[in-house]
Each structure stands twice: as structure tokens, then as C-alpha cells.
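Take a look at the following structure, please.
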Number of protein chains: 2
Amino acid sequence: MTVQDLDAADRRILDALQSDGKLSNSEIAERTGMSTSPCWRRTRRLEDNGFIQGYRATIDRNRLGLGVLVFVLVQIDTHSEAEAAAFEKAVASFPQVVSCFSVGGGADFLLQVVCRNLDEYAEFSMTQIRRLPGIKAMSSNFVLKEIKPFEGWPVSAS
Amino acid sequence: MTVQDLDAADRRILDALQSDGKLSNSEIAERTGMSTSPCWRRTRRLEDNGFIQGYRATIDRNRLGLGVLVFVLVQIDTHSEAEAAAFEKAVASFPQVVSCFSVGGGADFLLQVVCRNLDEYAEFSMTQIRRLPGIKAMSSNFVLKEIKPFEGWPVSAS
DNA sequence: CTTGAAACATGCTCCGC
DNA sequence: GCGGAGCATGTTTCAAG
């Protein structure tokens, strides 16, 4: 089952659950204009086929005391496979690194890092990230304002 | 109620719901080693006090046909408040832009953009983003590999 | 804080259309 | 494929120890 098999009703279900994962089947059915049985079957099919990977609570970062959010661009020296793999493994093990992507273009890796405050970030980036082997350059982009926080993928757009 | 009011039990609840938002109260109670009543009260308190902002289904981007994920760093010319506000408003209205942050450091804004393919991204970035008023520089970092996808904030760490 | 129970809503299956 | 009826399970609230 691929994206071509999704019809408008499937997309409405995905959209609804992406905005509120606690919707009951009857609520989804009502919102998407179908009755409960087909709605339930479709939702289950979307789950079984991996379109819906799971459900998560969204937690307020600032309430948790994680006031500092930084996007760190990292360039590594050598592009040897072993070194890249070591970097990836090390980086993924830090709880402060909440996401990490290998990127092409200006940099090699993009890390999303959270800390309680600037002191903690300075300490972490200098003693943990910076000291990983093969790091050539590092630039920290501190988040000043969340213009549009992530709330899901565009399901029905364009 | 602030972060200081969270004890270990609260953190375990947040951690559990962050990894699986569909856990039933009895399952959370079992996982966190308490009985159902206090567990239910604590969960409700975390929701009421905004620690838990909501629940969302996690959807597989690639299954949706959104194969291209790009982090775009944007520098704007003038830092006039009006121009920045116009940029923010315009950018937030694009469905392809799934998140946007104002950052300090190397760039001014960091955008997370998804498209079906490279052609669509080229078209979008050139005709929509690039043409916004006041853009000085733009660098596209294409995601090659997801090393560590975002799965929530560190709740109990450090 | 815990147990237990009652009322209610929901998830899920089955069957007929 | 759709929709409805029915049962089993889970949630939510409350009272008592």
C-alpha cells in the first residue's frame, strides 16, 4: 500500500489524527463525514500499513525547564565511513541531542540540541560535541522564537 | 505549577506518554509502578497544567510521498521589525514549510521544508521563498539520512 | 494512597445489506 | 464496499478503608 492508494477520506483521517491523536473513532467519523465502521477500518489499515507510525504526547519544552534550543551545523573532516558512523553513534547517545540528520549542502550534520540554560549548552557543546573525533567546524544557531512549531506533515496540501 | 513540582513519578508518566500516547491509564500505572488512581490524577494534572500540550499521531513522511526534507537557512537583508513580521507570516502560510524558527548566530531563520521531489523543491524555493522581500541569502541543507529522528524531549535525563 | 465498584464511553467483531 | 447491533474492554468518577 503506497501513497497512491490514499483517497480523500484517508487523508482526512490522517489529518485529524495528526492534529489530535486522542480523537475517538466516532469523533473521526463525524469529522470526516463517514460512519464509524468504514472509518474504523480505514484507520486500522493506515496503522497496519505504517502510515500511522504511532501516537505521542506533545510536551511543553519550556515547562520542562529546557529553555535553550539550538540547531547545530557540524562539518566533519574526513568523510570516511567509519568516522561518520562513530560520530552518528556518539551523537545519538546524548539525551541533549533530540534529533540528528545527515545533510548535503553547506554542512554534514544538523543536530537539534536542548539544554536548561546557556551555561549548560556551552559546557555540553564544548566538552561533548566539540571533542568528538574528526570535527572540522561547528555553528550554533540559537532559537530565539518559534515562528511555526512542527505540528505534522502536509497531508492534503497541493 | 513549574518544573520544580515534578517528581520522579511525574517524569515517568511524561516519559511513557511521550513514547506511546495511546497507553491506557492502567498501563501507565503498571509501567510507572503505582496504582491506577494516583496515576490517573497525576496524568490529569500534567494535562491541566500544560505539561502535556496534546496528543498526535506520528505519520510516516515517506509513505505520504514527501521524499524530500530540507533545512533552509535564510538571512534577511534589513532587520526591520515590519519586514521580519511579513516574512514570518508569509513563511508560516506555506504548507511545505512544516516548521520555522527565528535564530541567532549564523542565520536569521531556519525553515524545515518538505516536498515530493527535488523538482518540486526547486520550484517552491525559487518561486516562493526566494521571492519574499528582503532575502539576502539562502542555503538549502538536504536531508540524506535520519540519524536520530525526533521522539520527544529528554524528561529524566541529567 | 489504596481498593472496589458503578456508570459510561469506546474498541472491536460479527452479520446483513 | 457500507452501516448497525452487540459484546468485551477501558476510562472516569466516587466512596470507604
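Note on naming: letters A, B, ... go to the chains in the order of the sequence lines (proteins, then strands), and numbering restarts at 1 for each one. These numbers come from the heavy atoms of this one structure, side chains and all, not from hydrogens, waters or symmetry mates.
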Self-check item: Minimum-distance nucleotide (side-chain atoms of R44(A) versus dG10(D), dT13(C), dG4(D))
Solution: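 Selected nucleotide (nearest to the side chain): dT13(C).
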Exercise. Using atom CZ of R45(A) as one end and atom P of dC12(C) as the other, report the distance to the nearest whole Å.
Key: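 Spelled out: CZ on R45(A) to P on dC12(C) is 17 Å.
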Quiz item: Do any side-chain nitrogens or oxygens of T36(A) fall under 4.0 Å of OP1 or OP2 in dG4(D)?
Solution: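 T36(A) to dG4(D) OP1/OP2: no side-chain N or O under 4.0 Å.
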Quiz item: Using 4.0 Å as the upper bound for N to carboxylate O, is an ion pair formed by K136(B) and D77(B)?
Solution: no
Practice problem: Please state whether the phosphate of dC1(C), meaning OP1 or OP2, lies under 4.0 angstrom from any side-chain nitrogen or oxygen of R41(B). | Solution: yes
Self-check item: Side-chain N or O of S35(B) closer than 4.0 Å to phosphate OP1/OP2 of dT2(C)
Solution: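 Affirmative; the distance criterion is met.
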Quiz item: Below 4.0 angstrom from OP1 or OP2 of dC2(D), is there any side-chain N or O of R42(A)?
Solution: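 Checking R42(A) against dC2(D): at least one side-chain N or O falls below 4.0 Å of OP1 or OP2.
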Practice problem: Between dT11(D), dT12(D), dC12(C), spot the one nearest the side chain of W40(B), thanks. | Solution: dT12(D)
Exercise. Could you state the atom-to-atom distance from CD of E30(A) to C1' of dT10(C) in whole Å?
Key: 15 Å
Quiz item: Between the side chains of S35(A) and S37(A), is a donor N or O closer than 3.5 angstrom to an acceptor N or O?
Solution: no
Quiz item: Is there side-chain contact between I129(B) and I135(B), with heavy atoms separated by less than 4.5 Å?
Solution: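 Result yes, sub-4.5 Å side-chain heavy-atom pair found.
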Exercise. Determine, using ring centers only, whether F142(B) and Y121(B) are less than 6.0 Å apart.
Key: yes
Quiz item: Over how many whole Å does the gap from M34(A) atom CE to dG1(D) atom P extend?
Solution: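 Roughly 12 Å, once rounded to whole Å.
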Self-check item: Between P of dT11(D) and CG of N25(B), the distance in whole Å
Solution: 6 Å
Quiz prompt | Proximal nucleotide (of dT10(C), dC2(D), dT11(D)) relative to the S26(B) side chain | solution =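 Out of dT10(C), dC2(D), dT11(D), the nucleotide with an atom closest to S26(B)'s side chain is dT11(D).
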Quiz prompt | Spacing between I28(A) atom CD1 and dG11(C) atom P, to the nearest angstrom | solution =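 After rounding, the reported distance stands at 8 Å.
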Self-check item: Closest to the S37(A) side chain, choosing from dT10(C), dT11(D), dG3(D)
Solution: dG3(D)
